[in-house]
Structure formats: structure tokens, C-alpha cells
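The next block holds one structure in the form of C-alpha cells; read it before the comments.
Each chain gets a letter, A, B and so on, in the order its sequence line appears, and its residues count up from 1.
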Amino acid sequence: MPINSLFTAQIIDWYRSNKRDLPWRETQDPYKIWLSEIILQQTRVEQGLPYYERFLKAFPNLRDLANASEEQVLKLWQGLGYYSRGRNLLQTAKQVSTHFNGKFPETAEKLQQLTGIGPYTARAIASFAFNEEVAVVDGNVYRVLARVFGIFTEINSSAGKREFQELADALLPPENASEFNQALMEFGALQCTPRPDCHSCPLLGICIAADRDLVSQLPVKSKSKPKRDRHFNYLFYYDSGKILLRKRTHKDIWKNLYEFPLVEQVRATEDPCSVVAEAEVLYDLDLKALEVLDPHAYKHILSHQIIHIRIWPMRGPIPPNESLKSGIFAINLEELEKQYPVPVILHRFLEHIKPYLVSK
DNA sequence: AATTCGGGGAC
DNA sequence: GTCCCAGAATT
């Protein structure tokens, strides 16, 4: 038996006895497949699963989602990260709903034209929902193929992407694309993990990396840039159940999410006066009469940046909404929690601070 | 071709 | 601390 056929057969065999019970595997509805795939981009199954359930409950079908507001979608997306996925989700729902008569295109090539659907997701939907014979390549697939076939090409280079995609396509068994794709990813997620237990691996006999002790070196990936430090000073201006809020609209992290009035500085500030002074200019506020309390400090570590956050509680009457400028507005705390999407760091702060606010 | 977009979990 | 996750869009 050729090595490639053996590999395919073993992977599928392993999958049938080890696969997890996941809701999007029990359907061929392109809407549900699409939704699950967008949620699962760069996201572990365990983290994405509750979001998938909540989205389906809120928007049972494509039209429901297409009729939603971006605020609703982002609120449901809150805490999942990569919020452009949520915005693109809504955009594509509207697009398919109005321009494609509510039907998703049925080939990977056409699916990839839609916003938020790239090479992986297009092939996943085409294969799972429409049985197209196309192979998917995600982080799991890179890892499994690099090890089993001993490939040292960098997986984040264009040459690597091409090479692994071609290999996956060559391995794909016609007639069984969907199951093979699922199997290969599941194998990477459960068995051929970043630090695997090779003793229990059914592919021990054919894996080049295991044979030559290269498992810990594969796959090869070029190093990432060092993180940059940012310093966010938030004005937590609380008064009788209301706080000041603004929407992030610029092209940056947390786009279109809401936050307290922000003063970003190049370095950490111990002195509230400089924060207040900058805020007055930035937002055209009059903060002179205010008392500024000691800040709550957090460090928010992300993939490409470390955000040093100081939330400065302030005491004093909130001006009426009509007199607020620069996109600042006052909002009731319950209203905020119900409707306004915020970064998790703000959500956690609010949960922490709420008991103290109501008891005061 | 390189960078940017989050948050959480494993180690 | 580092690396990775059912990647895609933008520069």
C-alpha cells in the first residue's frame, strides 16, 4: 500500500473512533457551517462553542443575522477577540441575503469572494456543506503534515502555504473529502498536538519526525515580532448609575467597541494631573472640579502588544449629554452591560467594581 | 512579504 | 515568560 493511501486510511480510521461530538458536525447547513468556521478562526473549539450556541439561538438563520445591527453582533461577539470577524460576519450575511437570494455559493472559489472567508474557510464550507473535493489547511494540518512527511518549509511563508496546500490536495481521497478534512484537523487538535504523546500515536510507524526525533522541531515557523508597549489611561467617570463612554472608530484594536474616555500615552503616568489635562484637550471636557482617585492598574497581554491599563476613578457630577463633545456620551450602567460591546478588560473591571458602586 | 487584528489555555 | 489556536485583511 502506498504511503499516502496508508496515511489517509489511518487518519480516517483514527477519526472514526476518537472524534469529538461537535454540533457543527451534525449538519450540512451552510449557514451553520459558515458561522462555526468564522467563530473558530484562530480560536479553540472549547472557547468558540458557547459563542456558536448563543449566535444560533439569537440568529437561527441567515436572514435573522442579516437583519441584526452591528451592535447586536459585536455584543454577542464580546470576549471572543478579532472583532473584525464579527463585523465581517454581518456584512457577509447581508450580502448573501440580498445579492445571492439567501443562498451561499457552493464552490470554494466563489465562497472566497465573500468578506471574512479566506482560503481555509472557503474550502471548509465547500467541503463540509457541499461535498466539494478541496483540502483544508489550518494550523492543525500544518503540524500533522510537517511532522509525518518531515517538511521543514516555513509554514508562514508563501512557499510553505503553497507546498502544504498542494500536499493536502494530493492526499485528499476523492469521495470522502469532508471526512478526511475533519479527520486531519481533529488529529492535529487531539493527538498530534504541539507537544504530543507520540507513544500513543497510530502513525508512529510512518511518521518521519517521530522516526528521526524531529517532532519538537516541526512545524517550522518564523519568529514573531516583539510586542510593543502601550499605556491606556481610562477616565472612569461614575455618577448616580451613569458613566461616560465613547466608541472606538479608528483603525486599531477593538474597532467599533466602546470604552471609557481614553488618554493613550507613550509611557506610564503616576500623575493624574497629566491625564486630566490631556483629557480636557482631547475631549473638550471641563474636569477641574473633579476629584481623581487612585487608579486600578492592569496589564493586558495580547499577541502583538502589551497594554498597560490604568483606570482612574473620578468623582463629580456628569454634565448633561447635550453638552458633551468629541463622541463622549453618558450611559446608564445596566444599559451598557446589555447593549454595548466592550473589550474584556473593561468588562472585567465593571464586574469587579459594580458591588462597590451600588453599596455607596 | 510583513503586519495587524484578541483572548484564553497549556506549558 | 512562550507558543498556539478549525485565519483573513490590510499595508
Side-chain angles (χ1 to χ4, degrees), chain A residues 15 19-20 22-25 33-52 74 77-89 91-92 111-125 127-128 135-144 154-162 164-165 168 178 181-190 192-197 216-228 230 248 250-257 298-307 341-348:
Chain A
Y15 177 66
K19 66 175 176 180
R20 290 169 290 185
L22 300 173
W24 45 85
R25 288 192 176 143
I33 303 279
W34 165 67
L35 175 62
S36 74
E37 291 303 339
I38 302 299
I39 288 176
L40 292 172
Q41 286 168 3
Q42 292 291 284
T43 303
R44 292 172 193 281
V45 165
E46 312 85 73
Q47 190 188 0
L49 189 50
Y51 286 84
Y52 175 78
L74 287 180
W77 203 272
Q78 181 180 306
L80 197 52
Y82 286 162
Y83 296 93
S84 66
R85 290 184 293 170
R87 302 195 307 269
N88 293 339
L89 191 75
Q91 185 185 330
T92 290
L111 282 162
Q112 203 174 328
Q113 308 290 317
L114 298 168
T115 313
I117 299 184
Y120 163 77
T121 305
R123 289 176 167 83
I125 299 171
S127 143
F128 303 155
V136 301
V137 179
D138 73 337
N140 295 303
V141 176
Y142 281 123
R143 192 167 51 248
V144 175
E154 284 186 358
I155 63 173
N156 49 355
S157 68
S158 12
K161 288 173 189 164
R162 194 166 49 245
F164 282 92
Q165 182 66 59
S178 173
N181 282 333
Q182 300 263 13
L184 197 47
M185 291 192 288
E186 190 79 334
F187 186 76
L190 299 183
C192 196
T193 54
R195 302 180 62 153
D197 172 26
S216 64
Q217 301 178 39
L218 291 172
V220 178
K221 192 176 180 181
S222 67
K223 283 195 179 51
S224 60
K225 255 184 67 169
K227 301 182 197 299
R228 70 169 165 141
R230 303 176 74 176
R248 294 179 69 88
H250 44 299
K251 196 170 59 188
D252 193 0
I253 189 176
W254 302 328
K255 182 179 174 186
N256 289 10
L257 270 57
Y298 303 86
K299 214 192 298 184
H300 198 50
I301 302 175
L302 301 169
S303 312
H304 298 284
Q305 51 186 303
I306 301 175
I307 306 184
V342 298
V344 288
I345 189 74
L346 261 68
H347 178 68
R348 281 204 288 261

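- In this structure, the OH atom of A:Tyr83 is 19 Å from the P atom of C:dA9, given to the nearest Å.
- Across all strands shown, A:Ser157 has no heavy atoms under 4.0 Å from either base or sugar-phosphate atoms.
- Atoms CG (A:Leu40) and C1' (C:dA6) sit 5 Å apart, rounded to a whole Å.
- Under 3.5 Å, the side chain of A:Ser303 and the base of B:dG7 form at least one donor-acceptor pair of N or O atoms.
- At the heavy-atom level, A:Asn181 lies nowhere under 4.0 Å from the strands shown.
- Of the candidates C:dC4, C:dA9, B:dG7, the closest approach to any side-chain atom of A:Leu302 belongs to B:dG7.
- Here C:dG1 is the nucleotide among C:dA9, C:dG1, C:dC5 with the atom lying nearest to any side-chain atom of A:Ile301.
- Along DNA chain B, the nucleotide nearest to A:Arg195 and the one nearest to A:His300 differ in position, and the one closer to the 5' end is contacted by A:His300.
- Rounded to whole Å, atom P of C:dG1 lies 9 Å from atom NZ of A:Lys227.
- Looking at A:Tyr52 and A:Leu40, their side chains never come closer than 4.5 Å, going by heavy atoms from C-beta outward.
- For A:His304, taking side-chain heavy atoms from C-beta onward, the closest of the listed nucleotides B:dG8, B:dT3, B:dC5 is B:dC5.
- Here the side chain of A:Arg143 is nearest to one of B:dG6, B:dT4, C:dC4, namely C:dC4.
- A:Trp77 has no side-chain polar atom (N or O) that falls below the 4.0 Å cut-off from OP1 or OP2 of B:dG7.
- When A:Lys227, A:Lys225, A:Arg230, A:His300 are each tested for a side-chain hydrogen bond (donor to acceptor under 3.5 Å, both in side chains) with A:Gln305, only one passes: A:Arg230.
- Per the geometry, CG belonging to A:Asp138 stands 5 Å off C1' belonging to C:dA6, to the nearest Å.
- Between A:Asn181 and A:Val136 the shortest side-chain heavy-atom distance falls below 4.5 Å.
- Residues A:Gln182 and A:Arg25 form a side-chain contact, since some pair of their non-hydrogen atoms from C-beta on lies under 4.5 Å apart.
- Nucleotides C:dA6 and B:dC11, compared at atom C1', are 22 Å apart to the nearest Å.
- If you check every strand for non-hydrogen atoms under 4.0 Å, A:Leu80 touches a base.
- Comparing C:dC5 with B:dC5, their C1' atoms are spaced 15 Å from each other, to the whole Å.
- Candidate nucleotides C:dG7, B:dG7, C:dA6 were compared by shortest atom distance to the side chain of A:Gln41, and C:dG7 ranks first.
- In this structure, A:Asn88 places its CG atom 8 Å from C1' of C:dA9, rounding to the nearest Å.
- Atom CD of A:Gln217 is separated from atom P of C:dC4 by 14 Å (rounded to the nearest Å).
- Between A:Trp34 and A:Ile117 the shortest side-chain heavy-atom distance falls below 4.5 Å.
- Two residues are said to be in side-chain contact when any heavy atoms from C-beta on lie closer than 4.5 Å; A:Ile345 and A:Trp254 meet this criterion.
- The side chain of A:Lys251 approaches C:dT10 more closely than any other nucleotide in the set B:dG8, C:dG7, C:dT10.
- Rounded to the nearest Å, the gap between the P atom of B:dG6 and that of C:dT11 is 15 Å.
- One finds no side-chain N or O of A:Thr193 lying less than 4.0 angstrom from the OP1 or OP2 phosphate oxygen of B:dA10.
- Side-chain proximity of A:Lys299 to C:dG1, C:dA9, B:dG7: nearest is C:dG1.
- In this structure, CG of A:Asp252 is placed 15 Å from P of C:dT10, rounded to the nearest angstrom.
- Residue-level contact check: A:Gln305 touches the backbone only, with heavy atoms under 4.0 Å from sugar-phosphate atoms and none from bases.
- The closest side-chain heavy-atom distance from A:Ile306 to A:Arg228 is not below 4.5 Å.
- Between the side chain of A:Tyr120 and the base of C:dG7, no donor-acceptor pair of N or O atoms lies under 3.5 Å.
- Atom CD in A:Glu186 sits about 13 Å away from atom C1' in C:dC5, given to the nearest Å.
- Counting heavy atoms from C-beta on, the side chains of A:Val137 and A:Lys161 never come closer than 4.5 Å.
- Among the atoms of the strands shown, only primed sugar atoms or phosphate atoms (P, OP1, OP2) are found under 4.0 Å from some heavy atom of A:Lys225.
- Checking C:dA6, B:dC5, B:dG7 against the side-chain heavy atoms of A:Tyr82 singles out B:dC5 as nearest.
- Considering only side-chain atoms of A:Arg228, the nucleotide from C:dA9, B:dC5, B:dG8 that sits closest is B:dC5.
- Nearest-nucleotide assignment on DNA chain B puts the 5′-proximal partner with A:Ser84, out of A:Ser84 and A:Glu46.
- Summary of the strand contacts: A:Gln47 and A:Leu114 both lie near DNA chain C, and taking for each the nucleotide with the nearest heavy atom, the more 5' one is attributed to A:Gln47.
- Counting any heavy atom pair closer than 4.0 Å across all strands shown, A:Trp24 reaches a base atom.
- Counting non-hydrogen atoms under 4.0 angstrom, A:Gly79 reaches the backbone sugars and phosphates but no base.
- Here A:Arg348 lies in heavy-atom contact (under 4.0 Å) with sugar-phosphate atoms only.
- Under 3.5 Å, the side chain of A:Thr43 and the base of B:dG6 form at least one donor-acceptor pair of N or O atoms.
- A:Thr115 comes within contact range of the sugar-phosphate backbone alone, with a heavy-atom separation under 4.0 Å but no base atom that close.
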